[in-house]
Protein chains: 2
Amino acid sequence: MLTRGKLATQTGCNIETIRYYETIGLIPAPARTASGYRSYGDEHLRRLNFIQRARSLGFSSEQTRGLLDLTEAGGNKTRADVKSLTEAHIDEISQKIKDLQKIKKRLRQISSFCDGSAKSASTCPILESLFDDN
Amino acid sequence: MLTRGKLATQTGCNIETIRYYETIGLIPAPARTASGYRSYGDEHLRRLNFIQRARSLGFSSEQTRGLLDLTEAGGNKTRADVKSLTEAHIDEISQKIKDLQKIKKRLRQISSFCDGSAKSASTCPILESLFDDN
DNA sequence: GTTGACTCTGTATATACTACAGGGTTTAAA
DNA sequence: TTTAAACCCTGTAGTATATACAGAGTCAAC
């Protein structure tokens, strides 16, 4: 249904990256046309969208594979296995959300401070706080 | 105050990565002892902690530098500049949080499904939904 | 004052892409 | 129907972001 180029366009993924993901086994090798062109379906589209999102959120290829593997535990994983893996991922994601919210809070302070009238940003005392841990 | 090794230990950053960040200018070159050892202070510690966090959240080195630069707009940026940059970062971060929340929601569904009693995970119908966009 | 842990620099390797070259295929206008 | 643009194929090279290692110097403690 989809050529590699169309898959790239629809996902926003670089066309070469799609081939790369195939070589490292992150997306399955698609069917080929008679002339050898790759032919992708909706499954590839959804999978690639998920991979893109996970990568942009700081998950490595291996972590992303781990998330994807939850969906295809081919009989060798029990529900208990999947559950504990899933819980671990949930904890990790919760931490990421917390970290992002911290940064967002700081940025909001910066933004509202910048509503002031001074010309230069260099005198802004709140900026320093971007480094803090709270 | 801190050697490179101690900075590595306290931040969880690989010791070689610290040198790398120095070569690409992500952290400033620290003072040196008489014998040439790097000597880091609290400023380096906080900056490196922030870098680590930002990188783990999917910000590139350049994006991280952009966030850090907000704190040291050396007179050449107006408050309006800083504000619009900051707002853009806030939007980006909000999107990341949304994406993480979506994934987390799906993982929670998986987790609660796995409380069922069947032995194999391969029959779990919810797993498929990990790929969806909602 | 010697040994073990640590640091220095330079360079090599790994991971995750991204780009390019040389050639075949598809599409659509001339 | 030919032919030119646009696309796909493979292989390979380059870039970004680390990480590891080798050989030599430094520090701390026993």
Side-chain angles (χ1 to χ4, degrees), chain A residues 1-41 44-45 47-69 92 96 99 103, chain B residues 1-41 44-45 47-69 92 96 99 103:
Chain A
M1 326 197 108
L2 290 169
T3 63
R4 185 154 59 108
K6 280 176 186 162
L7 185 62
T9 303
Q10 290 193 23
T11 57
C13 184
N14 183 293
I15 190 170
E16 302 291 353
T17 303
I18 294 171
R19 189 161 57 114
Y20 171 70
Y21 285 157
E22 185 180 326
T23 68
I24 66 169
L26 208 49
I27 55 176
R32 299 279 185 135
T33 66
S35 60
Y37 282 25
R38 288 172 180 82
S39 179
Y40 297 98
H44 291 98
L45 187 68
R47 193 176 174 98
L48 186 52
N49 273 327
F50 181 82
I51 291 168
Q52 294 259 98
R53 202 189 305 172
R55 298 291 295 114
S56 81
L57 294 169
F59 294 99
S60 68
S61 292
E62 280 315 304
Q63 288 173 315
T64 302
R65 195 194 307 272
L67 287 167
L68 288 165
D69 282 353
E92 185 182 10
K96 279 178 190 285
D99 285 344
I103 295 175
Chain B
M1 325 197 109
L2 290 169
T3 62
R4 185 153 59 107
K6 280 176 186 164
L7 185 62
T9 304
Q10 291 193 23
T11 57
C13 185
N14 183 294
I15 190 169
E16 301 292 353
T17 304
I18 294 171
R19 190 161 57 114
Y20 171 71
Y21 285 157
E22 185 181 325
T23 68
I24 66 170
L26 207 50
I27 55 175
R32 299 279 185 136
T33 66
S35 59
Y37 281 24
R38 289 172 180 83
S39 179
Y40 298 98
H44 292 99
L45 186 68
R47 192 176 175 99
L48 186 52
N49 272 327
F50 181 82
I51 292 168
Q52 293 261 98
R53 202 190 304 174
R55 298 291 295 115
S56 81
L57 293 169
F59 294 99
S60 69
S61 291
E62 280 316 304
Q63 288 172 315
T64 301
R65 195 193 307 273
L67 286 167
L68 288 165
D69 282 352
E92 185 182 10
K96 279 178 190 284
D99 285 344
I103 295 176

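All chains are named by letter (A, B, ...) in the order of the sequence lines, taking the proteins before the strands, and each is independently numbered beginning at 1.
If you take OH of A/Y40 and C1' of D/dC7, they are 14 Å apart, rounded to a whole angstrom. Atom-to-atom, CD1 of B/I24 to P of D/dA18 comes out at 7 Å; the value is rounded to the nearest Å. Here the P atom of nucleotide C/dT18 and the CD1 atom of A/I18 are 11 Å apart, to the nearest Å. To the nearest angstrom, P of C/dT26 lies 13 Å from NZ of A/K6. Spacing between atom CZ of A/R55 and atom C1' of C/dC17 amounts to 9 Å, rounded to whole angstrom units. Rounded to whole angstrom, the span from the CG atom of A/N14 across to the P atom of C/dA19 amounts to 6 Å. Atom OH of A/Y20 and atom P of D/dA13 are 17 Å apart (whole Å). In this entry the distance linking CD of A/E22 with P of D/dC9 reads 9 Å, nearest Å.
Within the model, atoms CZ of A/R53 and OG1 of A/T11 stand 12.5 Å from one another, a figure rounded to the nearest 0.5 Å. Interatomic distance, B/L48 CG to B/Y40 OH, rounded to the nearest 0.5 Å: 8.5 Å.
Contact annotation: A/S61 side-chain N/O to C/dA16 OP1/OP2 distance is under 4.0 Å. A close approach under 4.0 Å does not occur between any side-chain nitrogen or oxygen of B/T17 and OP1 or OP2 of D/dA18. Using a 4.0 Å cut-off, no side-chain N or O of B/R4 falls inside it from OP1 or OP2 of C/dC6. Note on A/S35: a side-chain N or O is less than 4.0 Å away from OP1 or OP2 of C/dT26.
Formation of a donor-acceptor pair under 3.5 Å by the A/S39 side chain with backbone atoms of A/R32 is not found in this model.
Annotation: of the two residues near DNA chain C, A/L26 and A/Y37, the 5′-most nearest-nucleotide partner is A/L26. Ranked by how close their nearest DNA chain C nucleotide is to the 5' end, A/E16 and B/R38 are led by B/R38.
Two residues are said to be in side-chain contact when any heavy atoms from C-beta on lie closer than 4.5 Å; B/R47 and B/Y21 fail this criterion.
The residue A/T33 sits apart from the nucleic acid: no heavy atom pair falls under 4.0 Å.
For the pair B/E22 and B/A29, the tightest heavy-atom approach, listed with the atom from each and the gap, is OE2-CB, 3.7 Å.
The side chain of A/R32 approaches D/dC9 more closely than any other nucleotide in the set D/dC21, C/dC17, D/dC9.
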